2 protein chains.
Amino acid sequence: MKMFKIPEATVSRLSVYSRFLSKLDKKGIITISSGEIAEGVGVGAAQVRKDLAYFGEFGTRGVGYNVKDLHQHILKILGLTTSWPVVVIGAGNLGTALCLYDGFRERGFNIVAMFDVDPLKIDKEIEGITVYSMEKLGDIIKEKEVKMGVIAVPAEYAQQIADLLVKNNICAILNFAPAVIKVPEEVQLRNVDLSVNLEILTFNIVNNVKNLY
Amino acid sequence: MKMFKIPEATVSRLSVYSRFLSKLDKKGIITISSGEIAEGVGVGAAQVRKDLAYFGEFGTRGVGYNVKDLHQHILKILGLTTSWPVVVIGAGNLGTALCLYDGFRERGFNIVAMFDVDPLKIDKEIEGITVYSMEKLGDIIKEKEVKMGVIAVPAEYAQQIADLLVKNNICAILNFAPAVIKVPEEVQLRNVDLSVNLEILTFNIVNNVKNLY
DNA sequence: GACTGTGAAGCCATTCACAGCT
DNA sequence: AGCTGTGAATGGCTTCACAGTC
């Protein structure tokens with residue numbers, strides 16, 4: 001296959017466009033221009049067109065894009081036409097919140113199991129999702145064909161959990177622990193670092209950086 | 001004031017360096033080189049030096065950086081030498097998890113109050129943090145001199161909550177709702193979009209993008 | 001007339017490579 | 001000899017501007 005060198009920023013915008021289009025579609029809107037998408041999601045119109053152009057020609061000159069059609073294309077591009085089973089490691093507050101987060105379900109992610117080391121949590125259910133002991137991780141990943149794992153454990157355990165996920169052939173990890181973790185290059189890793197995000201804000205406040213949006 | 005054009009990527013790395021240095025400091029390590037920092041946080045050595053060089057000359061040629069010293073400088077740069085009071089809007093699962101998140105406290109963020117519209121939650125305490133009705137927002141922001149607000153409400157209410165925060169003179173907003181929100185340019189805004197992060201991973205899996213770390 | 005698709009230009013961040021200290 | 005600080009080179013993303021299409 002081809003498909004070369006898509007900027008990551010483009011991918012994350014596609015995800016945002018997709019949500020926007022889904023809203024438009026529900027409202028029954030048929031056609032939309034790059035300018036209107038741009039306005040709706042807060043980017044430039046040229047940016048929208050360029051992002052889409054990486055993947056083909058979805059629009060009609062003089063008219064715009066068909067909402068349903070474009071939306072389907074983007075879902076396809078993002079791999080969201082099928083549902084993704086996901087495991088969450090760590091049944092603390094954050095792990096639990098992520099499990100119950102509607103945003104995941106709405107986008108086709110399906111939390112199939114949680115894992116924890118705490119005997120008080122193991123074998124309990126949290127809103128229909130069972131918490132398993134770590135030993136079951138491999139079995140469940142295999143059984144449910146899980147490709148993605150979410151790490152929501154304390155920083156000091158993040159690396160060993162990551163290693164465990166890797167050993168069980170996970171394809172991608174979303175890490176919420178405030179820790180730098182290392183994985184083999186064939187495993188996808190993204191970090192969502194909550195305090196880093198707040199700290200960028202404090203930096204900006206303290207240095208009164210002009211916002212650029 | 002001076003201090004111009006710092007890449008946002010640099011700021012977020014500073015935050016990561018800072019955490020790394022704090023770990024080193026606790027271990028009693030006195031001196032460190034850019035190469036070792038680079039290794040520890042997974043970036044290039046030149047990157048580390050350039051990031052630091054935006055703010056001054058903190059190292060000694062031929063030797064490296066003094067851990068304590070550099071750490072203090074970075075905390076100062078990020079505005080973390082003082083504690084920041086924060087409010088969280090939305091006392092659902094996510095809002096609650098964020099309130100209890102240790103990573104915030106450890107870095108000097110202090111959640112002073114939560115807010116919600118649900119009468120069942122209002123005036124209850126969650127681990128020492130009181131949930132107030134939305135009407136109290138203005139008073140508490142003023143009384144506690146809150147500069148930062150965290151939005152953890154459903155997407156459809158995110159914009160009106162943001163407007164409310166802005167009206168009450170908040171300086172910065174961290175938005176967890178999967179929604180595009182607009183604020184005046186003098187207000188700092190960052191979005192942490194949980195599903196976007198998972199969707200980047202699905203994209204990468206589906207298009208088997210080589211990881212670059 | 002309106003709007004897409006796209007090469008070219010512009011801008012910004014990262015990496016290189018080396019001069020300058022210790 | 002070792003390591004920082006930095007100008008210059010590179011690479012990548014965004015914006016511009018316009019030709020092409022409906």
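Hydrogens, waters and symmetry mates play no part in the numbers below; they use all other heavy atoms, side chains included. Given the structure is predicted, the values throughout are model-derived calculations rather than measurements. In what follows, chains carry the letters A, B, and so on, assigned in the order in which the sequence lines appear, proteins first and then strands, with residues in each chain numbered from 1.
In this structure, D51(A) atom CG and dG12(D) atom P are separated by 17 Å, rounded to whole Å. Atom CD of E57(B) and atom C1' of dC3(D) are 13 Å apart (whole Å). Computed from coordinates, the I6(B) CD1 to dT14(C) C1' distance equals 15 Å when rounded to whole Å. Summarising the geometry, the separation between CD on E8(B) and P on dA13(C) is reported as 10 Å, rounded to the nearest angstrom. Going from atom CZ of R61(A) over to atom P of dT21(D) covers 6 Å, rounded to whole Å. The interatomic distance linking F55(A) (CZ) with dT4(C) (P) rounds to 18 Å, in whole Å. In this structure, L52(B) atom CG and dG5(D) atom P are separated by 7 Å, rounded to whole Å. Per the geometry, CZ belonging to F58(B) stands 19 Å off P belonging to dC21(C), to the nearest Å.
Screening H73(A), H71(A), R49(A) for a side chain to side chain contact (heavy atoms under 4.5 Å, CB included) involving Y65(A) leaves a single residue, R49(A). F104(A) pairs in a side chain to side chain contact (heavy atoms under 4.5 Å, CB included) with only one of the listed residues (V88(A), V86(A), I111(A)), which is I111(A).
Residues from residues 9-20 of chain B that place a heavy atom under 4.0 Å from any atom of DNA chain C, listed by number: A9(B), R13(B).
When the shell of 6.0 Å around CD1 of I30(A) is examined, it contains 12 or fewer heavy atoms from other residues, nucleotides or ligands. Around NZ of K182(A), the count of heavy atoms belonging to other residues, nucleotides or ligands within 6.0 Å exceeds 12. The environment of OH in Y157(A) is sparse: at most 12 heavy-atom neighbours from other residues, nucleotides or ligands sit within 6.0 Å. Summarising the local packing, CD of E127(A) is surrounded by 12 or fewer heavy atoms from other residues, nucleotides or ligands at distances under 6.0 Å.
Using a 4.0 Å heavy-atom criterion, one finds that G59(B) contacts the sugar-phosphate atoms exclusively.
Of the charged side-chain nitrogens involved, none lies within less than 4.0 Å of a carboxylate oxygen, so that R190(B) and E199(A) do not count as a salt-bridged pair.
Among the nucleotides dA13(C), dC13(D), dA19(D), the one closest to the side chain of K5(A) is dC13(D). Minimum atom distance to the side chain of S33(A) is reached by dT4(C), of the listed dT4(C), dG2(D), dT6(C). Each of dT22(C), dT6(C), dC13(D) was ranked by its minimum atom distance to the side chain of T60(B); first place goes to dT22(C).
The phosphate of dT15(C) (OP1 or OP2) has a side-chain N or O of Q47(B) nearer than 4.0 angstrom. Of the side-chain N and O atoms in Y65(A), none sit less than 4.0 angstrom from OP1 or OP2 of dC22(D).
Along DNA chain D, the nucleotide nearest to G62(A) and the one nearest to S34(B) differ in position, and the one closer to the 5' end is contacted by S34(B).
Between N168(B) and I141(B), the shortest heavy-atom contact is O-CG2, 3.5 Å.
A salt bridge (charged side-chain N to carboxylate O under 4.0 Å, His left out) check over residues 11-27 of chain A, counting only residues at least two apart or in different chains, returns the pairs R13(A)-D51(A), R19(A)-D193(B), D25(A)-K68(A).
Ring-plane geometry between F115(B) and Y132(B) is classed as tilted, the angle between the planes lying from 30 to 60 degrees on a 0 to 90 degree scale.
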Protein-nucleic acid N or O pairs under 3.5 Å, nucleotides 16-18 of chain D:
| residue | atom | partner | partner atom | Å |
| --- | --- | --- | --- | --- |
| dA17(D) | N6 | R49(A) | NH2 | 3.4 |

